[in-house]
Amino acid sequence: MYLVVDLAEQAPCDTSVAPCQTDDLSFFNTQVVFDRIGQVIARYRKQNLYLEPQFAPGPSDDASAIFTTDFGVKFSLQVCFDITFLHPGYSNAMNEGVRDIVMSTAWVDENPFLLAISVQNGWSRGLGVNLIVSGYHWPERTKLGSGVFRGYSDLTSSYTFNPNSGNVVIIQPVTTCRSASASRSSRQALSEPRFINVAKTGFSELEKREHVILHEDLSVYERTSLSTTQAGESKVLTQCSNDGLCCRIEYEHSSSNLTYQLLTYSGIVKKG
């Protein structure tokens with residue numbers, strides 16, 4: 001077993017790496033990887049912080065996020081908000097051929113574009129990589145969602161997004177590629193996912209927990225509802241924002257009673 005742990009790291013201040021914060025020390029949001037014998041084989045300091053004034057941003061060192069297992073698979077690490085940036089996960093997938101990413105997160109759910117499961121599943125499928133996510137379960141503070149997203153093989157993913165689930169361990173077989181010689185033979189994989197409930201603390205079994213979700217202000221977006229089409233027919237729609245940025249889509253929408261809209265906006269969207 002390999003173990004990835006997200007923790008607060010205290011380190012002697014080195015201004016060439018990060019600013020000093022207090023008492024000649026720097027603090028980082030850090031992922032640490034332990035191998036089968038408990039040896040630390042990787043340490044990645046989160047580069048892209050989100051409302052974390054207690055931490056300094058980690059150095060621009062994508063290689064520090066990579067580790068290779070004795071079963072021949074290369075992994076990249078990333079922490080939470082890193083998923084919306086180029087570094088380190090996206091860069092390691094595109095430039096280093098990594099196809100398996102491990103992510104820890106205390107995600108902030110926001111409708112309609114930043115729900116944890118939508119972002120994680122879309123990132124996994126868009127890049128064609130497996131994304132293993134361990135999410136902080138605190139739905140009252142917008143934090144919810146863990147899963148194994150199998151974008152490399154495009155197989156069904158397994159995840160939990162239930163505010164009343166409590167802490168859950170997800171075990172899911174994945175298909176991937178070996179990027180190094182394996183020194184350990186592979187074992188028989190599970191054929192079906194397993195969800196293991198961990199004892200809850202502080203909440204009764206019957207208590208319903210509130211899942212708080214933030215909402216983005218969509219009033220700055222141009223929007224057009226997509227009209228339905230006949231079966232087998234497609235339509236083209238072009239929509240432009242005030243500064244001339246235009247989006248063009250070709251779509252079919254004939255067998256659903258749902259309403260879809262095209263939204264366009266060009267500008268800065270503030271988060272946090």
Evaluate the criterion side-chain contact (heavy atoms from CB on, under 4.5 Å) for residue pair Asp35 and Tyr2; output intermediate values, then yes/no. CA-CA 5 Å; Asp35 67 9; Tyr2 284 73; 3.6 Å; yes

Could you go through Lys74 and Glu96, starting from their C-alpha distance and side-chain angles, then the distance that decides it, and tell me whether this counts as salt bridge (Lys or Arg N to Asp or Glu O under 4.0 Å)? CA-CA 10 Å; Lys74 181 190 294 184; Glu96 303 300 328; 5.0 Å; no

Could you walk me through whether Asn48 and Thr84 pass side-chain contact (heavy atoms from CB on, under 4.5 Å), step by step? CA-CA 9 Å; Asn48 306 289; Thr84 65; over 6 Å; no

Show your reasoning for whether side-chain contact (heavy atoms from CB on, under 4.5 Å) applies to Phe81 and Lys46. CA-CA 9 Å; Phe81 205 42; Lys46 183 181 180 184; 4.1 Å; yes

Stepwise side-chain contact (heavy atoms from CB on, under 4.5 Å) check, Ile101 with Gln120: CA-CA 11 Å; Ile101 316 293; Gln120 294 157 14; over 6 Å; no

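By the criterion of side-chain heavy atoms lying less than 4.5 angstrom apart, applied directly or through intervening Ile, Leu, Val, Met, Phe, Trp or Tyr residues, Leu86 is grouped together with Val129 in one hydrophobic cluster. Residues Leu263 and Leu115 are members of separate hydrophobic clusters, defined by side-chain heavy-atom contacts under 4.5 angstrom among Ile, Leu, Val, Met, Phe, Trp and Tyr. In the hydrophobic clustering of this structure, Ile66 does not group with Ile41; members are Ile, Leu, Val, Met, Phe, Trp, Tyr whose side-chain heavy atoms approach within less than 4.5 Å, directly or through other members. With hydrophobic clusters built from ILVMFWY side chains whose heavy atoms lie under 4.5 angstrom apart, Phe71 shares a cluster with Leu77. No continuous path of ILVMFWY side-chain contacts below 4.5 Å connects Phe149 to Tyr152, so the two sit in separate hydrophobic clusters.
One finds the CG atom of Asn167 at 9.5 Å from the OH atom of Tyr136 (value rounded to the nearest 0.5 Å). Here Gln78 contributes atom CD and Trp123 contributes atom CH2; the two are 4.0 Å apart, rounded to the nearest 0.5 Å. Taking OG1 of Thr228 as the start and CG of Asn257 as the end, the distance is 11.5 Å to the nearest 0.5 Å. To the nearest 0.5 Å, atoms OG (Ser26) and CZ (Phe55) are separated by 12.0 Å. With rounding to the nearest 0.5 Å, the separation of CZ in Arg99 from OG1 in Thr175 is 14.5 Å. With rounding to the nearest 0.5 angstrom, the CG atom of Leu144 is 7.5 Å from the CG atom of Asn162.
If you check the side chains of Tyr44 and Asp82, you find a donor sitting under 3.5 Å from an acceptor. Checking Asp217 against Ser219 by side-chain atom types alone, a donor-acceptor pair falls below 3.5 Å. At a cut-off of 3.5 Å, with distance as the only test, a side-chain donor of His87 or Asp62 sits close to an acceptor on the other residue. For the residue pair Ser104 and Gln31, a side-chain donor N or O sits within less than 3.5 Å of a side-chain acceptor on the partner.
Looking at His253, its side chain never comes within 3.5 Å of a backbone N or O of Thr259 through a donor-acceptor pair. With hydrogens and angles disregarded, a donor-acceptor distance shorter than 3.5 Å links the side chain of Arg150 to the backbone of Thr156. Without hydrogens or angle criteria, Lys235 side chain to Ile249 main chain gives no donor-acceptor distance under 3.5 Å. Using a distance-only test at 3.5 Å, with no hydrogens or angles considered, a donor-acceptor pair links the side chain of Trp107 to the main chain of Leu114. In this structure a side-chain-to-backbone donor-acceptor pair under 3.5 Å is missing from Glu216 to Phe113. No donor-acceptor distance shorter than 3.5 angstrom exists from the side chain of Asp109 to the backbone of Ile213, with no hydrogens or angles considered.
A disulfide bridge does not connect Cys240 to Cys247: their SG atoms sit 2.5 Å or farther from one another.
Within 6.0 Å of atom CG in Asp24, 12 or fewer heavy atoms from other residues, nucleotides or ligands are found, so the atom counts as exposed in its surroundings. Annotation: Ile268, atom CD1; neighbour count of heavy atoms from other residues, nucleotides and ligands within 6.0 Å does not exceed 12. Environment of CZ in Phe34: crowded, with over 12 heavy atoms of neighbouring residues, nucleotides or ligands closer than 6.0 Å.
Listed here is the closest heavy atom pair of Leu49 and Ala56: CD1-C, 3.7 Å. In plain terms, the two heavy atoms of Tyr251 and Ser227 that are nearest each other are OH-O, 3.0 Å. Across all their heavy atoms, Asp100 and Val73 have their closest contact at OD2-CG1, 3.4 Å. Taking all atoms of both residues into account, the shortest heavy-atom contact from Gln261 to Ser225 is NE2-OG, 3.4 Å. Nearest heavy atom pair, residue Gly151 against residue Ser124, reads N-OG, 2.9 Å. Here the closest heavy-atom approach between residue Cys80 and residue Ala106 is recorded as SG-N, 3.6 Å.
For the pairing with Asn29, the side chain to side chain donor-acceptor pair (under 3.5 Å) check across Gln47, Gln54, Glu52 returns one residue only, Glu52.
Taking the six-membered ring wherever Trp is involved, the centroid distance between the rings of Phe75 and Phe67 falls below 6.0 Å.
A cation-pi contact links Arg45 to Phe28, judged by a cut-off of 6.0 Å to the six-membered ring centre and 45° from its axis.
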